[in-house]
Amino acid sequence: MGRFVARRLLQMIPVFLGTITLIFFMVHVLPGDPVAAMWGDKAADPAQMAALKHKLGLDQSLTQQYFTYLGHLFTGDFGTSLDGRKVIDKISAAFPVTLRLALMAFAIELVLGVTIGLFAGLRRGKAFDKSTLVLTLLLISVPVPVLGFIFQNVFAIQLKWVTPTVQDSMDLGQLVLPAFVLGSLSLAYVARLTRTSIAENIKADYMRTAVAKGLPRRKVIGTHLLRNSMIPVVTFLGTDLGALMGGAIVTEGIFNVKGIGNELYHAINLKEGATVSGIVVVLVLVYLAASLLVDLLYAVLDPRIRYA
Amino acid sequence: MRGASQAKWVVAAVAVALAATACGSGSSSSGGSSSGAVNAQGVFSYQSGEPQRPLQPANAMEVLGGRVIKQLFKGLVDYDPATGKLRNQVADKIETTDAQHYTVTLKQGWTFHDGTPVTAKSFVDAWNWSANVKNDQINSDWFSDIAGYDAVHPDKGEPTATTMSGLKVVDDTHFTIALTGPVSYFQYKLGYTAFAPLPEGFFKDPVKYGNNPIGNGPYKFVSWEHNKAITVAAYDKYAGVDKPKNGGIVFKNYAQAEGAYKDLVSDNLDVLDQVDPSDLASYKSDLGDRAVDQPQGSIQSISIAMYQPDWQGVDKAKVRQGLSMAIDRDTITKTVLQGSRQPANSWVAPGAMGYKDNACGEACSFNPTKAKQLVTEGGGVPNNKLTIVYNSDGGHKEWVDAVCNSIRQATGVDCVGDPKPDMKTARDIIKKKQVSSAMRTGWQQDYPLNANFLRDVYGTGAAANDSGYSSPEFDKLAAAADKATTVEQTADLYQQAEAQLAKDMPAIPLWYYKTTAGYSNNVQNVKYDSFGDPVFTQVEVKQK
């Protein structure tokens, strides 16, 4: 197990370096000059523009900028954005918000998705199963922005249960609605994955054995059926945590949540290379950690994987 | 059935959470009557966003930081929001005899929010610092009229001085300004935020100061929660003519205008910046008499590439006038633009001083028969084809197509839009003078005076003269206007210059932008100035 973890950790290094390099060059190759953009439609003052570029290090060659950036990154310095704020400050202000939102969405899709999937799988072909299939199909086919606007109109404008946008991004209660919108798509996938997996495994030999042994139904389903059916679901959930954090960009926009997505959107609009790559670096780290966790969970769920 | 009980619990928890948030936000249900008492200490919220740079007066060109700075600082003069006319604030008098040398006298009793007095030195030091190329102020070239600017802001290399020779402090309440040449509307420029005074404390650590500014305006800075809100409170010792009628403003940060609009409709936001396009069709019925719809100090036009040989010659002016008459401005602004623009009949936006109603005359009214006749008389459009260059990232496609359609139907001239992917690409082509026949152009006022719409756009060689228009008559009148010693005279002389535009028609005025906004049930007396900003100090918060 220890060697397995060590190998996985080592594998993360090239992946991490590769992504940073890609992101850095992609952001900097984008058309448009962030400094010239400060002047908007008006004619920029060349002397002032040159002075600003020099101060921000944007007058160096791209490779020079890249190595400076890498060097700073390894000392934990994410650079400074055009407004003079440290990128790390921006991230540490926005990250807890998105983490809350993503974890809430994750909890909703995990608990609701697995439960709905389990019941649908156990009652295959019955009314509950069929309505689950229709409902999840609906969730999958309705785009997230549309779902967000529908929820805003129904729950905020019509019913007046909540405010249309989140007034305090750190308030868990206010984040329930956006979290549900954010997690809805994955919720549908988790429910469907679980259902299929359960429906297949319920006919397996070990299930017959367990029932024949006279084990209580709770144990048959909990230990034998659910545990064996969770592997595809865990794979999906693991990669989904990263996707939720990145995908929050749309949901955060609709509900005016002040998280990473919001910050990223703002930074891309202003072509702020340092902020964009800083946020993406953090997202890559989350993604890598989540997939490492998935691999470790495999080993827990199915001991045979540990020795592979 | 462990699973079942768990599921019930989760559903219950979600229901409880939803109910809890509902309880927390039930304040919106009480809609007050419009004649309610006013709470002079009441604070209202305004739709805004995160400023791009520290809050330094000469460092905000974009509106998000600029509108906050306008509330925190007050310069020598500002513009009356109702008429656009210049009025004195910190200045008692600004005197000149030749439009080049000015003597400024300050009023007594003005203080910064930290209690220190506003003196002549506060202005001169601030301007010298802001003009210096080393201090990275984005609006530094606003000081370029002042003598000695090139020493602190050379085109290349290090500055050779830290002060401009044109600025001299006489005593605490007097200073003099010498310009490199006569600029009769220099006083109008002085209303721009870049010319605000700065307290002594600023120069010790300008960046730190920019995150915690101390100004002399109607509001003092309270807090800046990045990405969330900027809060300001009324300054009780404010000496200006526009004392706040409310207790303060929260500039609330919104990522999307749709969300802000929904918050406004449900009274969670008090004053709106601009209604998002998707709600434009319904905002008047949603808000009733709380909907705002008034012209702004900006204009949209189609400029003709006068530098193309085909478009030169006396007769071609007739063709351009004919094209202008072929555009059905009324219908297009009502239908395609959903009433968010007002048809233009001059080259200057209403609300600016010197605006002359119907300066464009007959040429700006829709008349298909006359249009066709004029185009034919003038020898027709070159190759009988008109292309309009525009950037497709700014929502211009719909109206460009509609304008072309109107021209095609009225005159038979083949007209098509020529979209460029983004603003930068379109500007690049326009700047390099590679447009074959026509282009979309727009102008937003820097200060509400007709000179800004005329001299800076149609003067020979002006930075924003995209059409390449060059008229000796226009330049002569503009130069005379610049030498005038009063702003009124300047405005009058520029109206004569505008008459030349009506003859030559280098650009076809289309329509003025409008402020389409609104406010909540919590506030009243919300009016907007020609910059599209609400008159913050006049907003009244209703008693709860």
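What you see below is based on every heavy atom in this structure, not just the backbone, and it leaves out hydrogens, waters and symmetry mates. Note that the structure is predicted; figures quoted are calculated from it, not measured. Protein chains get the first letters and strands the later ones, always in sequence-line order, with residue 1 at the start of each.
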Legend entry - B/E50/A/K258 ion pair, N-O < 4.0 Å: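 No.
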Legend entry - Donor-acceptor pair between A/T163 and B/N268 side chains, under 3.5 angstrom: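 B/N268 and A/T163 do not have a side-chain donor-acceptor pair below 3.5 Å.
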Legend entry - Under 3.5 Å side-chain donor-acceptor pair for B/H153 and A/D45: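 B/H153 vs A/D45: donor-acceptor pair found between side chains.
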Engaged part of [X] at the chain B interface, taking heavy atoms whose separation is under 4.5 Å:
| X | value |
| --- | --- |
| A/N153 | side chain |
| A/E272 | neither |
| A/I157 | side chain |
| A/Q167 | side chain |

Inset, instruction - Kindly check if the number of other-residue, nucleotide or ligand heavy atoms within 6.0 Å of CZ (A/F149) is above 12? - result: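 More than 12 heavy atoms, drawn from other residues, nucleotides or ligands, come within 6.0 Å of this atom.
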Inset, instruction - Starting at OG of A/S81, measure out to CD of B/Q52 and round the result to the nearest 0.5 Å. - result: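 Those atoms lie 10.5 Å apart.
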Inset, instruction - Report the distance from atom OG of B/S266 to atom CD of A/Q152, rounding to the nearest 0.5 Å. - result: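 B/S266 atom OG to A/Q152 atom CD measures 9.0 Å (nearest 0.5 Å).
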Legend entry - Short side-chain to backbone donor-acceptor contact, A/N256 and B/A260, under 3.5 Å: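 Absent.
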Legend entry - side-chain hydrogen bond (donor to acceptor under 3.5 Å, both in side chains) between A/Q48 and B/D141, worked out: CA-CA 9 Å; A/Q48 197 64 75; B/D141 66 341; over 6 Å; no
Legend entry - B/E62 versus chain A, the contacting section by heavy-atom distance below 4.5 Å: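 For B/E62, neither part sits under 4.5 Å from chain A.
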Legend entry - Largest heavy-atom contact set with chain B, pairs under 4.5 Å, which of A/K55, A/H266, A/H54, A/R85: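 Of A/K55, A/H266, A/H54, A/R85, A/R85 has the most heavy-atom pairs under 4.5 Å with chain B.
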Legend entry - Leading residue by heavy atom contact count with chain A [cutoff under 4.5 Å; candidates B/V207, B/N253, B/V265]: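 The candidate making the most pairs under 4.5 Å is B/N253.
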Inset, instruction - Please determine, among B/K252, B/K228, B/Q137, the option with the most heavy-atom pairs under 4.5 Å with chain A. - result: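 Ranked by heavy-atom pairs under 4.5 Å with chain A, first place is B/Q137.
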Inset, instruction - Heavy atoms only: give me the nearest A/A51-B/V133 pair and the separation to one decimal. - result: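 That would be CB-O, 3.9 Å.
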Inset, instruction - Identify the two heavy atoms, one from B/D263 and one from A/P164, that lie closest to each other, and give their separation to 0.1 Å. - result: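 Closest heavy-atom pair between B/D263 and A/P164: OD1-CD, 3.2 Å.
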Legend entry - Worked verdict on B/K262 versus A/F255 for side chain to side chain contact (heavy atoms under 4.5 Å, CB included): CA-CA 10 Å; B/K262 289 197 175 79; A/F255 291 98; over 6 Å; no
